[in-house]
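Each chain gets a letter, A, B and so on, in the order its sequence line appears, and its residues count up from 1.
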2 protein chains.
Amino acid sequence: MAGERQRGVGRPNENVLSRVLIVETALDLLDLHGRDGFGMRDIARRLGVRPSALYNHVASKDDVFRGIREVIATRITVAPFVTQRWDEALITWAHSYREVFASHPPTIALLAVMPFETDSEIFGTYEQVIEVLYREGWERAEALNILVAMESFILGSALDAAAPADMMSPGDRADIPHFSAAYAERDMRTADSGAGPADQAFEAGLNLLIAGLEAQRSARAASRVAHDR
Amino acid sequence: MAGERQRGVGRPNENVLSRVLIVETALDLLDLHGRDGFGMRDIARRLGVRPSALYNHVASKDDVFRGIREVIATRITVAPFVTQRWDEALITWAHSYREVFASHPPTIALLAVMPFETDSEIFGTYEQVIEVLYREGWERAEALNILVAMESFILGSALDAAAPADMMSPGDRADIPHFSAAYAERDMRTADSGAGPADQAFEAGLNLLIAGLEAQRSARAASRVAHDR
DNA sequence: ACCTGAACACCGTTCAAGT
DNA sequence: ACCTGAACACCGTTCAAGT
């Protein structure tokens, strides 16, 4: 990069760019500098190329985002569902899902509202989540709602993890005693356990969701027994 | 707007602008046109003013965002906690919270990672959530984690509601039968009930969270009885 | 103090010209 | 086909000049 000669005009002997190279450079820049310092011109500079050269490989900045989304979706694709019990599998999946997004904070908001391509690898994981819930007795439409709800929680938690730590700090307001006390007590817990506030909240919420599922499942089992009798 | 005369140079007799006017115009534009067509120049045009005039009342575009966030936070501030049982109060709160954000989709991602000012009105609601959970037996640090988890779920659900409806459409892929069946079955449920997919998922997740809380609470009550004996 | 008008330093994107 | 170089139509923001 430092000692690179200036390239002359005309088509070079071998390609300097490619779609994947552009997408990965864009993701690097996003991680390094956040949404600032992330533009087509920045990507081009980092690749030692003129901005207009990018448009031979990507259609637009939005197209670069689509590429980033697919790269990230691929990384979520883990398959813990074959070996683990249904609840453990869901917990493992949720953790890995959140971790992928949390390690690329600026992408969360970008990607959460962007449709997947139909050939996306994400659907492999979706399939497994629906299947495991269906096998455990949930209707498939309800399983899909549960899947979406869990994704919403995971993405929201990743957003929260990306927020500044003192986002909810009450300062020294006297009119909100319970909240201030809760904030102080949580800080102590954070110091003790080493788990950050966002991590604690994620675990708390995931516990509640899984506990809610357990309750639905055992209620279903009980009513089945009553019915069979 | 149509018949306005061109204003000459120099300070006008009475102010045409104010901070709140700018912020509310910005929110209107955001709702109308999304993130496109939303810029300082657009705000200025809608107010019949030159872009540079805005900077007499706001420091920057970021400052406008901060204003929008505070307007929205104020609207969430409902107080159903005094009259309702703890679980009903949480459900009411979650619904109103989501509704405020869902009616301003483009703001969600913008505002979710932005710290609140210490004098924000949002803390009034936080105080009530912590208080009601504390009264029902949760430790305050844990109550705060539950509050944050519920917010994450709510914001994530609002993001989901803002996403295009066919975001997860599997097309006619043959390799994901359970997911495709679930998608079709959910469509039927949507047609029957009138509740959109995002609404169904939100209700499913909220049910799970509340059920999880009920389970924790009754487990606590049971262990207390055992201990007292 | 609060507006206009002109300007500055940026963007994403297009397109002809070169190999 | 794939690069450079110049250009276009935009941004957010600054600042002098005017009342």
Exercise for review: Could you tell me the separation between the CD atom of A:Glu14 and the P atom of D:dC2, rounded to a whole number of Å?
Suggested key: 13 Å
Review point. Whole-Å distance between D:dC11 C1' and B:Phe38 CZ?
Key: 13 Å
**Study point:** Spacing of A:Asn56 atom CG relative to C:dT13 atom P, expressed in whole Å
**Key:** 14 Å
Practice item. Name the closest nucleotide to the B:Val9 side chain, picking from D:dT13, C:dT4, C:dG12. Key: C:dT4
Check your understanding: Think B:Arg7 has a side-chain N or O under 4.0 angstrom from the OP1 or OP2 of C:dT4?
Key -> yes
Review point. Between atom CG in A:Leu47 and atom P in D:dT4, what is the gap in whole Å?
Key: 11 Å
Revision key, fill the gap. B:Met40 atom CE is separated from D:dC10 atom P, nearest whole Å, by 19 Å
Review point. Taking all atoms of both residues into account, what is the closest heavy-atom pair of B:Phe123 and A:Met168, and its distance?
Key: CE2-O, 3.2 Å
Check your understanding: So, the side chain of B:Gln200 versus the backbone of B:Ala195: is there a donor-acceptor pair under 3.5 Å, distance only?
Key -> yes
Review point. B:Ser52 side chain: which of D:dC2, D:dT4, D:dT14 is closest?
Key: D:dT14
Check your understanding: Does A:Glu142 pair with B:Arg186 as a salt bridge, N-O distance under 4.0 Å?
Key -> no
Review point. Choosing from D:dT19, D:dG12, D:dA1, which nucleotide comes nearest the side chain of B:Tyr55?
Key: D:dG12
Review point. Do you know the tightest heavy-atom contact between A:Arg50 and A:Ala44?
Key: C-CB, 3.8 Å
Review point. Distance check: side-chain N/O of B:Arg50 vs OP1/OP2 of C:dG5, anything under 4.0 Å?
Key: yes
Review point. Which pair of non-hydrogen atoms, one from A:Ala26 and one from A:Phe38, has the smallest distance, and what is that distance?
Key: O-CE1, 3.4 Å
Check your understanding: Between D:dT13, C:dA1, C:dT13, which nucleotide has the shortest distance from any of its atoms to the side chain of A:Arg41?
Key -> C:dT13
Review point. Is A:His57 close to A:Leu21 at the side-chain level, that is, under 4.5 Å between some pair of heavy atoms?
Key: no
**Study point:** Closest nucleotide among D:dG18, D:dC3, D:dG12 to the A:Ala53 side chain
**Key:** D:dC3
Review point. Whole Å only: how far is the CD1 atom of B:Ile43 from the P atom of D:dC11?
Key: 12 Å
Practice item. Let me know the distance between CG of A:Leu54 and C1' of D:dT4, rounded to the nearest Å. Key: 13 Å
Exercise for review: Measure from the ring center of B:His95 to the ring center of B:Phe202 and say whether it is less than 6.0 Å.
Suggested key: yes
Practice item. Can you tell me the distance, in whole Å, between the CG atom of B:Leu29 and the C1' atom of D:dC11? Key: 16 Å
Point to revise | Given D:dG12, C:dT13, D:dC2, the nucleotide with the shortest approach to the side chain of A:Asn15 | key: D:dC2
Review point. Any ion pair linking A:Arg98 and A:Asp160 (charged N to carboxylate O, less than 4.0 Å)?
Key: no
Point to revise | Bracket notation of DNA chain C in which parentheses pair within the strand, [ ] cross earlier pairs, and | pairs with another strand (Watson-Crick or G-U, under 3.5 Å) | key: ||.|||||...|||||.||
Check your understanding: Which comes earlier along DNA chain C counting from the 5' end, the contact point of A:Gly10 or that of A:Asp42, where each point is its nearest nucleotide?
Key -> A:Asp42
Review point. Between C:dA1 and B:His57, is there an OP1 or OP2 to side-chain N/O distance shorter than 4.0 Å?
Key: no
Exercise for review: Determine yes or no for a side-chain-to-main-chain donor-acceptor pair under 3.5 angstrom, with A:Glu127 supplying the side chain and B:His178 the backbone.
Suggested key: yes
Revision key, fill the gap. Side-chain contact check for A:Arg11: nearest option of D:dC2, C:dC2, C:dG12 is D:dC2
Check your understanding: Should the heavy atoms of other residues, nucleotides or ligands under 6.0 Å from CG of B:Asp192 be counted, would the total exceed 12?
Key -> yes
Review point. Counting only non-hydrogen atoms, which of residues 16-25 of chain B are less than 4.0 Å from DNA chain C?
Key: B:Val16, B:Leu17
